[in-house]
Amino acid sequence: MRQILRSLLKKMTAPSYEDELKNASPTIVVKDRYGNTLEICKKCNVPARIQGAIFKCMNGCISGHLDYMPNKHPSKSNNYNPLKLVHCQSCYGDDKDYFKEDGEWCVKPCDACQGKGSFYVKKHSETEEAALSQPLPLDVDDEGWTRCPKCNFRFMVTDPNVWLEDRHRRCSQKLSYNHQ
């Protein structure tokens with residue numbers, strides 16, 4: 001009975017990162033008729049492309065994973081306005097459009113993003129950034145608990161993990177309270 005439950009549980013759980021890499025579909029690098037380089041899935045014979053942090057073919061065979069930092073965290077250098085990674089809605093970050101011409105796969109730079117694929121944008125607009133730099137007062141109870149007026153998150157003012165200098169780490173809002 002225990003073996004049956006284990007086998008059912010194993011089937012129900014998602015494959016691990018290591019299992020996916022073991023079963024990764026190999027790709028071959030080819031040139032199209034225009035001299036552009038593209039990778040073709042050996043199993044499906046269709047182009048493999050970047051989709052988020054996963055490299056997989058158009059039929060869904062996983063070929064590998066990308067190691068990248070999706071977001072730049074808030075800091076004094078970026079005025080506490082972190083950059084977030086945005087993928088093109090047309091090519092999903094791959095920076096290429098794939099098409100078939102006379103039965104042969106070809107590739108060209110994505111028209112929607114002009115071949116950029118992914119790019120960083122500021123999380124907050126300039127008006128939001130200006131509002132975040134204006135300190136909001138905190139009401140602290142007798143036990144040291146408060147609630148952020150911007151994001152409504154409850155925390156202890158003495159917790160160092162909550163603060164990014166004089167700002168709330170979670171929402172980047174500048175906060176002020178009387179230290180006792």
Side-chain angles (χ1 to χ4, degrees), residues 6-133 150-153 164 167-173:
R6 280 187 186 155
S7 66
L8 286 174
L9 183 62
K10 197 171 195 177
K11 288 178 184 176
M12 290 173 29
T13 57
S16 69
Y17 176 73
E18 290 80 19
D19 290 339
E20 283 183 348
L21 287 182
K22 284 179 200 169
N23 301 326
S25 178
T27 59
I28 53 173
V29 178
V30 297
K31 295 237 182 226
D32 67 5
R33 65 179 58 195
Y34 303 105
N36 300 315
T37 304
L38 65 150
E39 292 192 44
I40 302 289
C41 175
K42 276 188 174 180
K43 181 179 170 186
C44 304
N45 202 29
V46 296
R49 61 190 299 173
I50 298 169
Q51 295 179 12
I54 300 172
F55 190 68
K56 60 183 175 180
C57 82
M58 294 174 142
N59 289 340
C61 299
I62 294 178
S63 300
H65 292 264
L66 301 177
D67 185 24
Y68 72 97
M69 185 70 170
N71 296 320
K72 309 256 186 202
H73 297 289
S75 65
K76 196 171 191 172
S77 65
N78 61 21
N79 201 22
Y80 305 99
N81 191 356
L83 299 175
K84 62 181 182 177
L85 187 65
V86 176
H87 300 295
C88 170
Q89 294 298 311
S90 178
C91 67
Y92 304 104
D94 191 41
D95 74 15
K96 299 174 186 80
D97 283 333
Y98 298 91
F99 59 96
K100 263 192 167 178
E101 195 172 273
D102 298 329
E104 186 180 315
W105 281 104
C106 297
V107 65
K108 65 176 187 164
C110 175
D111 292 330
C113 66
Q114 288 80 39
K116 290 181 184 170
S118 300
F119 41 90
Y120 285 100
V121 295
K122 288 186 172 187
K123 183 176 180 182
H124 308 292
S125 68
E126 288 186 21
T127 54
E128 289 174 320
E129 192 174 335
L132 289 173
S133 66
K150 169 83 171 137
C151 68
N152 206 29
F153 186 76
L164 187 64
R167 293 179 182 255
H168 187 208
R169 185 180 300 272
R170 184 176 178 150
C171 65
S172 300
Q173 176 64 52

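In this structure, the separation between CZ on Arg169 and CZ on Phe153 is 12.0 Å, given to the nearest 0.5 Å. How far CD of Gln114 is from SG of Cys88: 9.0 Å, rounded to the nearest 0.5 Å. Atom NE2 of His124 sits about 9.5 Å away from atom CD of Gln173, to the nearest 0.5 Å.
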Evaluate Lys150 against Leu132 for side-chain contact (heavy atoms from CB on, under 4.5 Å), listing each step before the verdict.
CA-CA 9 Å; Lys150 169 83 171 137; Leu132 289 173; 3.6 Å; yes
Just do the side-chain contact (heavy atoms from CB on, under 4.5 Å) check on Ser133 and Arg167 with the steps written out, would you?
CA-CA 9 Å; Ser133 66; Arg167 293 179 182 255; 3.7 Å; yes
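Asp97 pairs by the salt bridge (Lys or Arg N to Asp or Glu O under 4.0 Å) definition with nothing, not counting sequence neighbours. Applying the side-chain contact (heavy atoms from CB on, under 4.5 Å) criterion to Ser125, with sequence neighbours excluded, gives Thr127, Glu128. Scored by the side-chain contact (heavy atoms from CB on, under 4.5 Å) test, Asp32 finds Tyr34, Asn36, Leu38, Cys106, Val107 as partners (sequence neighbours excluded). Residues satisfying the salt bridge (Lys or Arg N to Asp or Glu O under 4.0 Å) test with Lys108, not counting sequence neighbours, are Asp111. Taking the salt bridge (Lys or Arg N to Asp or Glu O under 4.0 Å) definition, one finds that Glu101 meets it with Arg33, sequence neighbours left out. Partners of Ala131 by side-chain contact (heavy atoms from CB on, under 4.5 Å), not counting sequence neighbours: none found. Partners of Glu39 by side-chain hydrogen bond (donor to acceptor under 3.5 Å, both in side chains), not counting sequence neighbours, listed by chain and number: Thr27. Listed by chain and residue number, nothing satisfies the side-chain hydrogen bond (donor to acceptor under 3.5 Å, both in side chains) test with Lys100 (two or more places apart in sequence, or in another chain).
Residue Gln89 qualifies as open at atom CD: its count of foreign heavy atoms under 6.0 Å is 12 or below. With a 6.0 Å radius and a threshold of 12 heavy atoms from other residues, nucleotides or ligands, Lys96 has its NZ atom above the threshold.
Using a 4.5 Å heavy-atom cutoff, the side chains of Ser90 and Cys113 are not in contact. Cys110 has its side chain out of reach of Asp94: every pair of non-hydrogen atoms, C-beta onward, lies at least 4.5 Å apart.
Of all non-hydrogen atoms in Cys91 and Gly117, the two that sit nearest each other are SG-CA, 3.9 Å. When all heavy atoms of Trp105 and Ile40 are compared, the closest pair comes out as CB-CD1, 4.3 Å.
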